[in-house]
Amino acid sequence: QVQLVESGGGLVQAGGSLRLSCAGSGLTFSSYNMGWFRQAAGKEREFVVAISWSGTIYYSDSVKGRFTISRDNAKNTVYLQMNSLKPEDTAVYYCAAKAPDSLWLSRYYSPRQYDYWGQGTQVTVSS
């Protein structure tokens, strides 16, 4: 049974930082492509950043230069370091996992491409 568990969310002032973690179990973590998405209240789920099993990274324009994704396969964990946070970054953040698939390389930004999801962690940025 695959599980993804996010942690590290919370309340932070604008300009602050948070680091989210996503721990995976029940899957061969090192062979999975991983993504972070977010969903603000009343809005659709939005792509944030993804990292392939081989370490290639794709950022959304809205977070490029502020957020950093990394993975530690020995710990079955992917991280999202979020700096210079803005009120518009407020959302529930989800991690997602996708088994290796050539289509993912051109569809990494689509939630439909992912096989497994975590339960989400709330990030609130106050102005």
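Remark: Arg38 CZ to Ser62 OG distance equals 4.5 Å, nearest 0.5 Å. Asp115 contributes atom CG, which lies 10.0 Å from atom CG of Leu27 (distance to the nearest 0.5 angstrom). How far CG of Leu85 is from OG1 of Thr90: 8.5 Å, rounded to the nearest 0.5 Å. Going from atom CZ of Arg71 over to atom CG of Asn76 covers 9.0 Å, rounded to the nearest 0.5 Å. Atom-to-atom distance recorded for Cys95:SG and Leu80:CG is 10.0 Å, nearest 0.5 angstrom. Of the inter-residue distances, the one linking Gln81 atom CD with Leu18 atom CG reads 8.5 Å to the nearest 0.5 angstrom.
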- Check the pair Arg107, Asp101 against salt bridge (Lys or Arg N to Asp or Glu O under 4.0 Å), reporting the backbone distance first and the verdict last. CA-CA 10 Å; Arg107 296 285 189 272; Asp101 182 343; over 6 Å; no
- Show the numbers, then the answer: is there a side-chain contact (heavy atoms from CB on, under 4.5 Å) between Lys98 and Trp53? CA-CA 9 Å; Lys98 171 63 179 177; Trp53 65 270; over 6 Å; no
- I would like to know whether Lys86 and Asp89 meet salt bridge (Lys or Arg N to Asp or Glu O under 4.0 Å); could you show each step before the answer? CA-CA 5 Å; Lys86 305 175 181 180; Asp89 294 318; over 6 Å; no
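A donor-acceptor contact closer than 3.5 angstrom links the side chains of Gln122 and Thr124. Side-chain atoms of Ser52 and Asn33 form no donor-acceptor pair, as typed in the model, at a separation below 3.5 Å.
With hydrophobic clusters built from ILVMFWY side chains whose heavy atoms lie under 4.5 angstrom apart, Tyr59 shares a cluster with Tyr93. Hydrophobic clustering, with ILVMFWY side chains joined whenever heavy atoms are under 4.5 angstrom apart, groups Val78 together with Leu20. Neither Val48 nor Tyr114 shares a network with the other; the hydrophobic side chains, linked directly or stepwise wherever heavy atoms of I, L, V, M, F, W or Y lie under 4.5 Å apart, form separate groups for each. Under the 4.5 Å side-chain heavy-atom criterion for ILVMFWY residues, a single connected hydrophobic cluster contains both Met82 and Ile69. By the criterion of side-chain heavy atoms lying less than 4.5 angstrom apart, applied directly or through intervening Ile, Leu, Val, Met, Phe, Trp or Tyr residues, Tyr79 is not grouped with Val49; the two fall into different hydrophobic clusters.
The nearest pair of heavy atoms linking Ser17 to Ser84 is OG-N, 4.4 Å. Across every non-hydrogen atom of Tyr109 and Pro111, the tightest pair is O-CD, 3.6 Å. Across all non-hydrogen atoms, the minimal contact from Glu6 to Tyr94 is OE2-CA, 3.3 Å. The shortest non-hydrogen separation linking Val5 to Gln119 is CA-OE1, 3.7 Å. In this structure, Ser21 and Thr77 approach most closely via the heavy-atom pair CB-CG2, 4.2 Å. In plain terms, the two heavy atoms of Ser31 and Pro100 that are nearest each other are O-CG, 2.8 Å.
Note on residues 11-36: no pairs pass ring-ring contact (aromatic ring centres under 6.0 Å, His included), not counting sequence neighbours.
In this structure, Tyr108 has its ring center under 6.0 Å from that of Tyr58.
Using a distance-only test at 3.5 Å, with no hydrogens or angles considered, no donor-acceptor pair links the side chain of Thr121 to the main chain of Ser7.
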